[in-house]
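A quick write-up on the structure given underneath.
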Amino acid sequence: MYDFLNEPQKEAVFHTEGPLLILAGAGSGKTRVLTHRAAYLIEEKGVNPYYILAVTFTNKAAGEMRERINDIVGYGAESIWVSTFHSTCVRILRRYIDRLGYGTNFTIYDSEDQKTLMKDICKRLQIDTKIHKEKSFLDAISAAKDELTDPIAFETNAGGDYNKRIQAQVYREYQRELQKNNALDFDDLIMKTVELFKLDKEVLNAYQERFRYIMVDEYQDTNTAQFELVRLLAMKYRNLCVVGDDDQSIYKFRGANIYNILNFENHFPDAAVIRLEQNYRSTQNILDAANHVIANNVERKEKRLWTENGAGEKIRFEQLDTGYEEADTVARDILEKVGNGSCRYRDCAVLYRTNAQSRLFEERFLISNIPYRIVGGLNFYSRKEIKDLLSYLKTVSNGRDDLAVKRIINVPKRGIGAATLNKVSLYAQEQELDFYTALRRAADIPGVGKAEARIRPFVLLIQSLRAKAKLLSVTDLLKEVIDVTGYVRELEAEGTEEAVERIENIDELISKAAAYEESVEAPSLDGFLEEVALVADIDSLDSGNDYVVLMTLHSAKGLEFPNVYLAGMEEGLFPGYRAITSDEISPNGANTELEEERRLAYVGITRAKEHLTITSAKTRMIRGETRFGAVSRFVKEIPPELLEGRITEPEADFPEEELSAFRKARKAFLMPPTQYGTSRPSGGGGDFGRPAYPKKKEPVYTPVGSQRSFSSSSTKNTRLSYQEGDRVRHIKFGDGTVAAIVAGGRDYEVTVDFDKAGTKKMFASFARLKKI
DNA sequence: GGTTTGAAACTTTTT
DNA sequence: GTTTCAAACC
């Protein structure tokens, strides 16, 4: 069974003792190595599968690994612990978190819950959320938790920094509130587990004894807390095998610490390092393109993917006038490929940088009758109706979860309003009660008065549901909630399209509850709530159905498709504006944000097995505004000989013809595809009064000087129209004098002394300065 | 207490 | 273009 592995793969499988770092390039068969390694441990080394832990990031990855292990391991595969970081921690905490002063039936808060809670806290602490945004507090707290910084340490670190002191205060309050609600946020799951291990050597020892062989997938995406968790667990037996690809590290924004993988050998000096560079997924052309792009990064471990699959076809590049035409081009291409039998819908994937880009594709696919599935965006479990019903279940399970109680107390309408809620809240705070208990004593609360008559039925409802929960299955309890609250009946009465959709979602929730009860041995209400809290949209992606998949590049990591479209490859969009303007430079001289975007491009390119089509639009509507974008630098980093299609730079001045093309494309977009395109509108036709896009709003134009020329391309020289000492005008800052111009890699950095706005440094491509 | 309306913010990426 | 949030109204 191990004969099918190549040499380095074998080496990795047979290296079972001590720390091991596997640098696995895209498509190099790392899952194969991990599963075979598990099999080898059990069957050749006689390791009890009970001692093996495999950790991944998504449930989907965990599920796939579980399945493949089951396929190759004969006996005992089911006792291998395969799960995500988050569910692993939940499982541990459900058993021992009482040692940290929480109840083991804790609730898990999603980002919406976090935001609600944070709003509450800001209000209570009288923080002006116009100055300090809730989001910024949550970001700071999340970053702190990723680094295992607790509120006390945070405060110490804050020193005299005014902003940090406020953050520290909010963090402390936020954490106290979570504990009061017996709730943990996502980051807590990891941090509290580490805390538990550090506090309680007995518990740590028990898990160290259990997890004698640990494997971590996607290691490049671990953050400091996750690293610490793994380090603690592996400390005793030191059989830690991590698999990752530094070139695919794309979660820095979420706290991933790329140095975990780059410095693994420093943390574990006796670590063996194995590189997997043979790719089994893509054609050589696709790999060459990926290799060339990623080679522009400074901060990486050198490696070069190769394959025995032939060169394959060239990479197609299409530059369209508008985002609408881009969607149209992709749709046509898919229809053609499916039509001539060269692929099925499910072989195709459209990948983009931001979720917002999905809309145009969705509209076009709908019209063209292309079956599709969008991954990401609004999670099923974040829908209002689902959250409402789950909040009932949460209230039944954990009465201390104030957020859940407050969410449903007036859903359906019971005539309990903000004024009453405030009184109850205040009372709860004074008496140090949870919100639900305060409700039960509504009669004693001053000022509540006749509102008590409205509160009592709610309390009785919850009490009766609690009694029933002991007898009913999760599914039946859910149905009971729907019945006694009249939730669906109300929607039925409404009768709108939206209401129908909500009912469908509720039916879906019931099915999910039923499926849950069938899939686990000892189903419970808490178990269901937990599963539901930890799913990502990508988890439900099923390759059995025949549809085109649309998703962000982030969601696409770990997946592969024969036919991939990389859409929206434009400067300002991908790489994003933030990354381009970022001045964060690492000690090695790498522009960290830009390199992360480049890794994302690398991930995108390497998803393709056979066909890769890259598209970009010259104009694009972003937030109701038309923007002009040059072709992404990442496209230009692909050697021209691998590309089919040409890159043209847009005109430097405001291109009226493109604007009119944009208007027409938008107009034509919602017509059936057969009409559109065959008779493509040409200029000069009757115009309807005002143009859709007022000219006075000047679009952002982002030219990037091309460093190389392309076959048959009309590259425009982007020499600046002004020099030092010239008077220039800026859209926002007004008039000023150019103080300095410094040539950068692909752009100029211009310093301007503005008459009114002061001195600003900016990139020429963004400043759009005009000589006056 | 509930509903409607208009302004404002929003966009990276997610377990 | 879409969603969210507060104020004004019923």
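Protein chains get the first letters and strands the later ones, always in sequence-line order, with residue 1 at the start of each.
- Classification of the A/F85-A/F57 ring pair by plane angle, with boundaries at 30° and 60°, yields tilted.
- Note that CG of A/N223 is 12.5 Å distant from NZ of A/K145, once rounded to the nearest 0.5 Å.
- The shortest side-chain heavy-atom distance between A/F227 and A/N257 does not fall under the 4.5 Å cut-off.
- If you measure from atom CZ of A/R599 to atom C1' of B/dT13, you get 13 Å, rounded to the nearest angstrom.
- Here A/T58 does not reach the OP1 or OP2 of B/dT14: none of its side-chain N or O atoms lies under 4.0 Å away.
- One atom, CD of A/E363, and another, C1' of C/dT2, lie 12 Å apart when rounded to the nearest Å.
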Where protein sits on nucleotides 1-9 of chain B, one letter per nucleotide: B base, S sugar-phosphate only, - none, heavy atoms under 4.0 Å: SSS------
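- For the C1' atoms, the distance linking C/dA6 with B/dT11 amounts to 23 Å, nearest Å.
- As rounded to whole Å, 11 Å separates atom C1' of C/dA6 from atom NZ of A/K123.
- Within the 4.0 Å cut-off from OP1 or OP2 of B/dT14, at least one side-chain nitrogen or oxygen of A/S555 is found.
- Within the 4.0 angstrom heavy-atom criterion, only backbone atoms of the sugar-phosphate kind lie near A/N355; the bases stay farther away.
- Remark: P of B/dT15 and CD of A/E530 are 16 Å apart, rounded to the nearest angstrom.
- Using cut-offs of 30° and 60° on the angle between ring planes, the pair A/W81 and A/F211 is perpendicular.
- Using a 4.0 Å heavy-atom distance criterion, A/F186 is classed as a base contact.
- Whole-Å rounding puts the A/R254 CZ to B/dT15 C1' distance at 5 Å.
- The CZ-C1' distance, from A/R359 to C/dT3, rounds to 13 Å in whole Å.
- For the pair A/F253 and B/dT13, the ring geometry qualifies as stacking, because the centroid separation is below 5.5 Å while the planes lie within an angle under 30°.
- Between A/F458 and A/I408, some side-chain heavy-atom pair lies under the 4.5 Å cut-off.
- Rounded to a whole Å, the CG atom of A/D539 is 7 Å from the P atom of B/dT15.
- Rounded to whole Å, the distance from NZ on A/K119 to C1' on C/dA6 is 11 Å.
- Between A/F253 and A/Y251, the ring planes lie tilted relative to each other; the angle falls in the 30° to 60° range.
- Between A/F186 and A/H86, the ring planes lie perpendicular to each other; the angle is over 60°, past the 30° to 60° tilted range.
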